[in-house]
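One structure below.
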Amino acid sequence: MKWVYISDIAQHLDEEIIIKGWLYNKRSSGRIHFLLIRDGTGIIQGIMEEKEISPETFALYNDLTQESSLIVQGKARADKRAPGGYELYLTDLIPVHIAQEYPIALKEHGTAFLMEHRHLWLRSSRQHAILSIRSEIIKALRDFFDERGFILLDTPILTPAACEGTTTLFETEYFDSGKAYLSQSGQLYAEAGAMAFGKVYCFGPTFRAEKSKTRRHLTEFWMLEPEIAYADLDYIMAFSEEMLQYLVECILTKKGKELEALDRDLAPLKKINSPFPRLSYDEAIKYLQQQGSKIEWGEDFGGDEETILSTIYDQPIIIHRYPRQCKAFYMKGDPEAEGRVLNMDILAPEGYGEIIGGSQREDHLERLLEKIEQQNLPKEAFEWYIDLRRYGSVPHAGFGLGIERTVGWICGLKHVRETIPFPRMMERIYP
RNA sequence: UCCACGGUAGCUCAGUCGGCAGAGCGGGUGGCUGUUAACCACUUGGUCGGGGGUUCGAGUCCCUCCCGUGGAGCCA
């Protein structure tokens, strides 16, 4: 007997097949039972008629609890009455495990309760849709870089020092060498990679020990960071536009059903069309002040400012050339504007805010040393990084894309915590 | 860390002026040959977050601690 996944059911109509899965829900009107069976690829309604099956098997219905695992045999047919469009007329059913009383009923639950049962919550159709879109987003992005000849460069997670002195780091003991820190960015190592391979990207988890409690923060999140030798700020702005355009088109093509299941309004995504509007930091400040914001020149944008800026246009918006004082030491100064750096942030539309932050890097040895000194960073820990400016330094640039925020935007979610299987937040490390 | 709100049955919540602890869902039993978060009947289910106080009497008022949710700051 052939084992078939529910997603492939259309190719096996009227064949006797086997499906292995779990009981999502059941209903009965006495002589006919309805079993909603899921197998991770979809849901199908199983029909159990008293006259078509042995009395012992028919009676098993009473023992089957929500999320019990089972193997069923039957013939599939298309039927408009069935959720999912297909039904399986059961000829046999073997319970694999009768589940204990399942904590998550098919009713409303609070976020705290669901997060406490995240390992089970993943089985629900909504989480299934979000995480399969996440998987496709990562695949699309990796395809984008691989097709353009980038090398995937895995950067270390345990590091000897901070990449950006400002943020708080998770600390751990490292044998007899003292402290090690969990990486908050792979960028510095990616720069070494770019000098070796020309164009590279890293993709991995990053860690921020900030006590952030907002809808767009996690303590552990995944970041994709390309780094390109001989690229300047204009190059990476155009490049990231191309990347986002590619990504959105790809997800619309391949994940329409899942987006629909999430009630995502597709119109704003279909409108995405590069090049995106660009605003310098100075222009953005001027605009915000006209809108009544109290922000002063030199301050970084807060959540409210980001929301205002990301709703001006129905496109992602690029803000570039921020003041030096609110940005990291490795960013190159703008030769044409005193006090500004050659950086850019991309804010997703519909109020989603920052999903990309990038810059042209300081490639001049003396100026980099000055900045390290000014910011009181431990020079010894950065010697290897400084070496990159001693041996064939070139202009180069790169950016980081936050995966969870990107998934949140594309799925139209209010909070990033559902965009990763097991979110790590200030108040949550279980499960 | 700060501000606001919340914690009552397994879950989601109601509980009036301080006066017998409630509903829906889930669980259990029975019924129903096309159900769509099925439905109908019956039934089960409580350390009212912990501690202290006021009171004849506290889920309800006061103090305190714990936990959670939303937001701020910081950032992707």
Side-chain angles (χ1 to χ4, degrees), chain A residues 24-36 43 45-52 58 61-63 65-67 79-85 87 89 99-117 120-121 124-126 163-164 166-169 184-187 205-225 240 299-307 326-328 344-348 352-358 399-409 414-417 419-420 425-428 430:
Chain A
Y24 188 73
N25 196 11
K26 66 174 187 179
R27 298 180 271 270
S28 171
S29 51
R31 298 268 145 63
I32 179 165
H33 301 320
F34 301 90
L35 306 173
L36 282 171
I43 290 187
Q45 174 160 280
I47 306 294
M48 215 190 214
E49 285 180 284
E50 190 175 32
K51 60 183 182 195
E52 304 290 340
F58 190 76
Y61 173 87
N62 298 312
D63 302 332
T65 50
Q66 188 188 354
E67 287 302 320
D79 193 313
K80 281 179 191 156
R81 291 172 295 185
E87 290 185 332
Y89 285 79
Q100 297 178 23
E101 193 183 321
Y102 194 63
I104 303 179
L106 296 169
K107 291 279 172 185
E108 273 180 44
H109 294 279
T111 314
F113 174 82
L114 289 169
M115 275 301 167
E116 196 68 17
H117 297 84
L120 303 176
W121 190 18
S124 75
S125 52
R126 179 183 160 82
C163 294
E164 321 188 13
T166 51
T167 42
T168 327
L169 295 163
Q184 53 184 181
S185 165
Q187 181 206 312
T206 52
F207 307 87
R208 305 277 164 98
E210 285 150 2
K211 296 195 168 180
S212 297
K213 270 194 71 171
T214 81
R215 69 183 68 192
R216 33 187 156 203
H217 286 88
L218 297 169
T219 52
E220 179 181 312
F221 65 98
W222 287 66
M223 194 152 62
L224 190 143
E225 297 173 282
S240 49
E299 290 171 356
D300 209 345
F301 303 122
D304 289 345
E305 286 84 25
E306 268 191 21
T307 306
C326 54
K327 288 293 164 183
M344 60 104 181
D345 284 353
I346 301 186
L347 312 185
Y352 276 92
E354 186 174 358
I355 53 169
I356 284 179
F399 60 87
L401 169 111
I403 289 294
E404 287 74 18
R405 287 186 183 177
T406 304
V407 176
W409 163 49
K414 288 192 193 110
H415 201 298
V416 291
R417 66 188 155 207
T419 64
I420 185 167
M425 291 173 292
M426 188 180 140
E427 307 283 2
R428 174 160 305 282
Y430 178 91

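No hydrogens, no waters, no symmetry mates; every other heavy atom, side chains included, goes into these values. Order of the sequence lines sets the chain letters (A, B, ...), proteins ahead of strands, with each chain counted from 1.
One can place CG of A:Asn62 at 9 Å from P of B:G31, the figure rounded to the nearest angstrom. For the pair A:Ile32 CD1 and B:G31 P, the interatomic distance rounds to 18 Å; values are reported in whole Å. Atom pair A:Ile356:CD1 and B:A76:P shows a separation of 12 Å (rounding to whole Å applied). Rounded to a whole Å, the NE2 atom of A:His217 is 17 Å from the P atom of B:U1. Here B:C32 presents its C1' atom at 9 Å from CZ of A:Arg31, a figure rounded to the nearest Å. Between A:Glu50 atom CD and B:G31 atom P there is a gap of 12 Å when expressed in whole angstrom units. The distance between atom CD of A:Gln66 and atom P of B:C11, rounded to the nearest whole Å, is 15 Å. Between the CZ atom of A:Phe113 and the P atom of B:G26 there is a distance of 14 Å, given to the nearest Å.
Remark: side-chain polar atoms of A:Gln45 are not paired, donor with acceptor, to backbone N or O of A:Ala82 under 3.5 angstrom. A:Glu67 places no side-chain N or O within 3.5 Å of a backbone atom of A:Gln100 that could act as its donor or acceptor partner.
Across the P atoms, B:C5 and B:C75 are found 29 Å apart, a figure rounded to whole Å. Comparing the P positions of B:C25 and B:U43 gives a spacing of 14 Å, expressed to the nearest Å. Rounded to a whole angstrom, the distance from the C1' atom of B:G15 to that of B:C20 is 13 Å. Between B:G18 and B:C11, the two P atoms lie 29 Å apart (nearest whole Å). If you take atom P in B:C13 and the same atom in B:U1, they sit 27 Å apart, rounded to whole Å. For the P atom pair drawn from B:G51 and B:U60, the interatomic distance equals 13 Å after rounding to whole Å. B:G28 and B:U44 have their P atoms separated by 15 Å, with the value rounded to a whole Å. Taking the P atom of each, B:G10 and B:G50 are spaced 13 Å apart, rounded to whole Å.
Mapping A:Thr65 and A:Lys213 onto RNA chain B via the closest heavy atom, the residue that lands nearer the 5' end is A:Thr65. Ranked by how close their nearest RNA chain B nucleotide is to the 5' end, A:Lys26 and A:Ala82 are led by A:Ala82.
Across all strands shown, B:C48 remains unpaired; no Watson-Crick or G-U wobble contact has both distances below 3.5 Å. Searching all strands for a Watson-Crick or G-U wobble partner of B:G73 with both distances below 3.5 Å returns nothing. B:C42 is paired with B:G28 under the Watson-Crick or G-U wobble criterion, all donor-acceptor distances under 3.5 Å. Across all strands shown, B:C56 pairs with B:G19; the Watson-Crick or G-U wobble distances both stay below 3.5 Å.
Among the atoms of the strands shown, base atoms are found under 4.0 Å from some heavy atom of A:Tyr89. Within 4.0 Å of A:Glu306, counting heavy atoms only, lies at least one base atom of the nucleic acid. Within 4.0 Å of A:Pro103, counting heavy atoms only, lies no atom of the nucleic acid at all. Here A:Asp345 lies out of heavy-atom contact (under 4.0 Å) with every strand. Looking at heavy-atom distances under 4.0 Å, A:Gly303 makes contact with sugar-phosphate atoms alone, never a base. Residue A:Ser29 is in base contact, counting any heavy-atom pair closer than 4.0 Å across all strands shown.
The A:Gln45 side chain lies nearest to B:U35 when the options are B:C75, B:G73, B:U35. Distance from the side chain of A:Arg208 is smallest to B:C75 among B:G26, B:G73, B:C75. Checked against B:G68, B:C75, B:G70, the side chain of A:His415 finds its nearest nucleotide in B:G70. Each of B:G27, B:G70, B:U35 was ranked by its minimum atom distance to the side chain of A:Arg215; first place goes to B:G70. With distances taken from any side-chain atom of A:Phe34 to the nucleotides B:G70, B:U35, B:C32, the minimum falls on B:U35.
Geometrically, A:Lys26 engages A:Tyr61 in a cation-pi contact, judged by NZ or CZ lying under 6.0 Å from the ring centre and within 45° of the ring axis.
A salt bridge does not link A:Arg216 to A:Glu354: none of the charged nitrogens lies less than 4.0 Å from a carboxylate oxygen.
Ring-plane geometry between A:Phe113 and A:His109 is classed as parallel, the angle between the planes falling under 30 degrees on a 0 to 90 degree scale with a further cut at 60.
Side-chain atoms of A:Phe221 and A:Thr206, non-hydrogen and from C-beta on, do get closer than 4.5 Å to each other. Between A:His33 and A:Phe58, some side-chain heavy-atom pair lies under the 4.5 Å cut-off.
Shortest non-hydrogen contact noted between A:Ile420 and A:Glu220 is CD1-O, 4.1 Å.
For the OP1/OP2 pair of B:C40 and a distance below 4.0 Å, the side-chain nitrogens and oxygens of A:Arg27 include no atom meeting the criterion.
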